Number of protein chains: 2
Amino acid sequence: MNIRDIADIAGVGVSTVSRVINNHPDVKVSTREKVLKIIEEYNYIPNNSARVLKKANTNYIGLLVKGIYNPFFYEMINIIGSIIASAGYSMLYEQGDYKIYQDVDNIISFSNEKKLRGVICLGGNFIDLTDESFSSLNIPVVLTSVNTVSKLGKKTYSSVGIDNVKAAYEATSYLIELGHKNIAIILGKDDDMGATWWRFNGYKKALAEHNINLKEEYILVGEYESEKSYEVTKKLLQEDNDVTAIFALSDIMAVGCARAVVDSNLKLGKDISLVGFDGLDYSKFYTPAITTVKQPRKLMAETSAKLLLSLIKNETENEHILLDTKLIKRESCNKIL
Amino acid sequence: MNIRDIADIAGVGVSTVSRVINNHPDVKVSTREKVLKIIEEYNYIPNNSARVLKKANTNYIGLLVKGIYNPFFYEMINIIGSIIASAGYSMLYEQGDYKIYQDVDNIISFSNEKKLRGVICLGGNFIDLTDESFSSLNIPVVLTSVNTVSKLGKKTYSSVGIDNVKAAYEATSYLIELGHKNIAIILGKDDDMGATWWRFNGYKKALAEHNINLKEEYILVGEYESEKSYEVTKKLLQEDNDVTAIFALSDIMAVGCARAVVDSNLKLGKDISLVGFDGLDYSKFYTPAITTVKQPRKLMAETSAKLLLSLIKNETENEHILLDTKLIKRESCNKIL
DNA sequence: TTGTATGCGTTATCAT
DNA sequence: ATGATAACGCATACAA
């Protein structure tokens with residue numbers, strides 16, 4: 001069943017059917033209705049490939065997600081997906097693990113191969129972006145929750161994110177204000193140039209401002225996993241009796257820490273203070289509830305999708321949007337002398 | 001840059017280039033290398049739409065996910081995605097909320113529109129499946145973590161899931177064996193004919209076998225949300241002093257319950273026993289750790305993807321696979337007299 | 001307002 | 001082993 005069949009059945013030319021399908025104005029109302037009825041009746045669906053081949057553009061938007069198991073992104077995927085869908089686009093989803101470091105090449109080949117109209121990247125490393133990085137790409141790119149280190153190429157892509165340095169600085173400062181001096185930090189990956197790196201910088205900045213020395217032993221790596229964070233925290237608590245606070249760079253890791261504290265016969269929110277990062281639901285329902293840096297992930301998702309849509313429609317220029325985080329104080333922290 | 005350009009540059013015919021691209025045997029090694037070099041040099045990527053138009057089949061596999069925020073599915077999405085990708089297919093992702101009840105129509109239009117090679121559905125309601133439901137569909141369908149009620153049409157699709165009745169029966173029986181008689185249950189949605197309904201049946205079966213009456217007041221609805229579950233649990237504990245155990249049909253909801261117990265000045269794992277469902281990581285790290293029914297979600301994801309791939313390759317017939325769940329006993333339950 | 005004819009880039013058939 | 005050419009289904013320029 002193709003456009004010609006419909007045309008024959010309706011007793012009209014193919015172009016008329018095409019015009020009906022594409023809502024062109026120059027069709028008599030009665031003709032349009034007749035054609036529409038037949039399309040309906042025969043369940044005709046235009047061949048997308050032929051359309052794309054002819055028009056040389058698709059209605060695909062690519063979503064490139066970095067990090068296999070990142071609950072933080074999952075919710076965002078669906079928000080982005082629904083906005084994209086209601087704008088008439090389809091979402092082509094691809095994910096890569098943390099090991100792939102050629103993210104730019106990834107985007108370009110993804111785009112070329114699938115003839116995308118635009119791309120959103122959730123996470124990823126874009127360390128050495130240049131003015132030419134995206135030059136071979138003629139579709140808009142939105143990097144969301146991505147930390148670019150380079151100042152170059154800002155005109156060639158958009159971004160939506162948070163100020164990781166500031167967020168981590170605030171969280172660490174909060175712990176310091178509560179009187180903590182021995183503050184351990186659980187990093188995601190130690191070779192990560194993304195969020196981990198910037199947040200680590202915020203932590204170091206806060207320590208430095210209060211003349212607290214950075215201690216090697218207090219820098220742990222949790223691999224963004226509860227389990228791993230549990231292990232490293234437990235080990236730390238066994239070996240060191242001075243530590244009074246822990247800053248975990250994700251809530252997933254914070255939960256692992258929390259349990260490690262309990263299992264070390266210490267009281268969370270009393271012997272050890274804990275701050276997480278992300279603002280996932282379950283930090284709120286944990287016992288005791290875990291203080292965390294809340295990222296506006298719904299807003300981030302919405303902003304990204306809407307921005308990309310505007311960019312595709314050429315309604316706006318590339319933008320770099322930083323959204324606010326919020327330190328949510330709960331029961332896992334307390335004041336010490 | 002198209003196949004003709006490459007052919008011209010290489011000084012060969014288009015068919016030769018096509019043969020090279022598609023790894024056809026009848027090409028002299030030297031010719032193949034020459035063409036390959038030029039393809040590489042000019043960064044030529046074959047036009048997918050033209051290919052599809054010609055071959056009348058894509059390399060798209062559709063993933064239809066039900067339920068906007070279901071962490072249980074998220075991890076599975078990525079596992080499925082990576083298996084699909086390494087088999088050379090791309091994943092077209094669509095999601096719907098719980099309100100859409102015409103899931104079969106959804107699959108069919110999705111498939112037709114995108115010329116999919118196969119579809120995996122994560123969740124969803126397929127209550128009145130008939131032998132004809134999928135008859136207009138000539139691609140394999142795998143329903144994962146879906147509860148079909150109908151016995152019809154089993155030859156026309158595959159499924160991967162767990163025995164929800166049995167799993168819920170075991171969990172409830174466990175609580176009963178511990179001495180509990182007043183066991184509340186937190187359902188997902190009250191009008192859900194999917195997992196909730198079957199698990200609810202397992203719960204009822206266990207109660208009936210031990211001559212425990214089903215109490216209206218003990219049937220709560222948590223909307224698959226921690227927050228909502230928190231509220232209904234808190235209300236229950238205020239109004240009723242007899243309840244000694246709660247069975248939450250998802251870990252997300254269990255976490256909400258857990259906190260509600262604490263906030264009602266009761267001790268979880270002592271005054272109130274709690275069993276969750278799913279086996280998400282954080283039930284393990286909760287304090288106290290939450291007993292839960294673990295679903296083998298990685299295995300479910302792998303099984304689904306591999307099954308679909310075999311079905312596409314016509315290597316196997318439709319199958320209906322039930323995987324085992326496991327009750328993981330932790331600290332949130334205790335024996336009462 | 002409507003129909004005819006052409007070409008989008010590829011693969012497959014048929015020659016050579 | 002290789003090349004010419006005819007589809008695939010559609011949108012559109014042009015003709016009517």
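Note that the structure is a prediction, hence the values are computed from the model and not measured. Lettering follows sequence order; numbering is per chain, from 1.
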*Asks:* 5' to 3' on DNA chain C, which nucleotides open and close the contacts with chain B (atom under 4.0 Å from a heavy atom)?
*Replies:*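 Counting from the 5' end, contacts occupy C/dG9 to C/dA12.
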*Asks:* Suppose we screen for salt bridge (charged side-chain N to carboxylate O under 4.0 Å, His left out). Which residues come up paired with B/R32, at least two apart in sequence or across chains?
*Replies:*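 Per chain and number, B/R32 pairs via salt bridge (charged side-chain N to carboxylate O under 4.0 Å, His left out) with no residue.
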*Asks:* Any chance you could lay out the side chain to side chain contact (heavy atoms under 4.5 Å, CB included) test for A/I77 and B/I77, step after step, and finish with the verdict?
*Replies:* CA-CA 11 Å; A/I77 295 172; B/I77 295 172; over 6 Å; no
*Asks:* Let's see if you get this right: which residues in residues 41-52 of chain B place a heavy atom under 4.0 Å from DNA chain C?
*Replies:*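 Per residue number, the list reads B/Y44, B/P46, B/N47, B/A50, B/R51.
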*Asks:* Just by modelled atom types, is the B/K115 backbone N or O under 3.5 Å from a matching donor or acceptor in the B/T58 side chain?
*Replies:*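 Side chain of B/T58 to backbone of B/K115: a pair is present.
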*Asks:* What pairs meet the ring pair (Phe, Tyr, Trp, His ring centres under 6.0 Å) rule with one or both residues in residues 10-66 of chain B, with sequence neighbours excluded?
*Replies:*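 Found A/Y60-B/Y60.
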*Asks:* Could you tell me whether the side chain of A/N318 reaches within less than 4.5 Å of the side chain of A/K155, counting heavy atoms only?
*Replies:*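 SC-SC contact between A/K155 and A/N318 ruled out.
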*Asks:* Restricting to side chain to side chain donor-acceptor pair (under 3.5 Å), what partner residues turn up for B/S135, sequence neighbours left out?
*Replies:*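 If we apply the side chain to side chain donor-acceptor pair (under 3.5 Å) test to B/S135, skipping adjacent residues, there are no hits.
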*Asks:* Output, in order, the C-alpha distance, side-chain angles, deciding distance and verdict of side chain to side chain contact (heavy atoms under 4.5 Å, CB included) for A/I21 and A/I39.
*Replies:* CA-CA 9 Å; A/I21 295 169; A/I39 288 179; 4.1 Å; yes
*Asks:* Between B/H320 (side chain) and B/K154 (backbone), is there a donor-acceptor pair under 3.5 Å?
*Replies:*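 Yes, because the side chain of B/H320 sits within donor-acceptor range (under 3.5 Å) of the backbone of B/K154.
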*Asks:* Is there side-chain contact between A/S145 and A/F72, with at least one heavy-atom pair below 4.5 Å?
*Replies:*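 The answer is yes, as the side chains (C-beta and beyond) meet within the 4.5 Å cut-off.
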*Asks:* Looking just at side-chain N and O atoms, do A/S304 and A/T144 make a donor-acceptor pair shorter than 3.5 Å?
*Replies:*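 Indeed, the side chains of A/S304 and A/T144 share at least one donor-acceptor pair under 3.5 Å.
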*Asks:* If we count only N and O atoms by modelled type, under 3.5 Å, do the side chains of B/N59 and B/R51 hold a donor and an acceptor together?
*Replies:*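 No pair is found: no donor N or O on one side chain lies under 3.5 Å from an acceptor on the other.
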*Asks:* Please list, in 5' to 3' order, the outermost nucleotides of DNA chain D lying under 4.0 Å from any heavy atom of chain A.
*Replies:*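 Using the under 4.0 Å cut-off, the span is D/dG9 to D/dT12.
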*Asks:* My understanding is that only residues two or more places apart in sequence, or in another chain, count here; which of them pass ring-ring contact (aromatic ring centres under 6.0 Å, His included) with B/F110?
*Replies:*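 B/F110: no ring-ring contact (aromatic ring centres under 6.0 Å, His included) contacts found.
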*Asks:* Output all residues satisfying ring-ring contact (aromatic ring centres under 6.0 Å, His included) with A/Y93, sequence neighbours left out; order by chain, then residue number.
*Replies:*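 A/Y93 satisfies ring-ring contact (aromatic ring centres under 6.0 Å, His included) with B/Y93 only.
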*Asks:* With each end axis built from five pairs of C1' atoms, what bend angle do you get for the helix from C/dT1-D/dA16 to C/dT16-D/dA1? Round to 10°.
*Replies:*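 What I find for the helix from C/dT1-D/dA16 to C/dT16-D/dA1 is an axis angle of 40°.
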*Asks:* Starting from the 5' end of DNA chain D, give me the residue, A/K54 or B/K55, whose nearest nucleotide shows up first.
*Replies:*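 Looking at the nearest nucleotide for each, B/K55 comes out on the 5' side.
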*Asks:* With B/K313, which residues qualify under salt bridge (charged side-chain N to carboxylate O under 4.0 Å, His left out), at least two apart?
*Replies:*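 Counting only residues at least two positions away or on another chain, B/K313 forms a salt bridge (charged side-chain N to carboxylate O under 4.0 Å, His left out) with B/E315.
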*Asks:* Who passes side chain to side chain donor-acceptor pair (under 3.5 Å) against A/K114, sequence neighbours left out?
*Replies:*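 B/S90.
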*Asks:* In residues 16-38 of chain B, what residues come within less than 4.0 Å of DNA chain D, judged by heavy atoms?
*Replies:*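 The stretch gives B/T16, B/R19, B/D26, B/V27, B/K28, B/T31 as the residues lying under 4.0 Å from the strand, ordered by number.
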